[in-house]
Amino acid sequence: MAELRKRGLVTAVICSGPFMKLGQAQARTFGVPDLPLIEIRHPLGGISMDDVKGRAAQALPGLLELVRERMK
């Protein structure tokens, strides 16, 4: 993801709450401290497909906003 961001592509990482700080640290480590992190509810593992779809729906507005910003 970091390499794609460095090339100027619209990128983001979707993280559940407990992994946000790790995501931020990794973004800094890989040289993209501005990498957007989109937070979803935790957990993702061990949940029903309907709940997974709910997490995707939760992330979608943030993803769309990134694309809209890029189109300006």
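Residue numbers run from 1 in the order of the sequence given. Everything numeric in this text was worked out from a predicted model, so none of it was measured.
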Counting only N and O atoms by type, is there a donor-acceptor contact under 3.5 Å from the side chain of R55 to the main-chain atoms of P43?
yes
Test item: F30 and R5 side chains (from C-beta on) under 4.5 Å apart, heavy atoms:
no
With a cutoff of under 4.5 Å between side-chain heavy atoms, which Ile, Leu, Val, Met, Phe, Trp and Tyr residues group with M20?
M1, V13, V32, L35, L37
Between side-chain atoms of residues 58-71 and protein atoms elsewhere (two or more places apart, or another chain), which donor-acceptor pairs fall under 3.5 Å?
| from | atom 1 | to | atom 2 | distance (Å) |
| --- | --- | --- | --- | --- |
| Q58 | OE1 | R41 | N | 3.1 |
| E69 | OE2 | K72 | NZ | 3.2 |
| R70 | NH1 | G8 | O | 2.5 |
| R70 | NH2 | G8 | O | 2.6 |

C15 side, atom SG; H42 side, atom NE2 - distance, nearest 0.5 Å:
11.5 Å
Taking every heavy atom of L44 against every heavy atom of I47, the minimum-distance pair comes out as O-CG1, 3.0 Å
Are the side chains of Q24 and P33 in touch, meaning some heavy atoms are under 4.5 Å apart?
no
Answer yes or no: is there a donor N or O on one side and an acceptor on the other, between the side chain of K6 and the main chain of G31, under 3.5 Å?
no
S16 and E39 have their tightest heavy-atom pair at C-CG, 4.5 Å
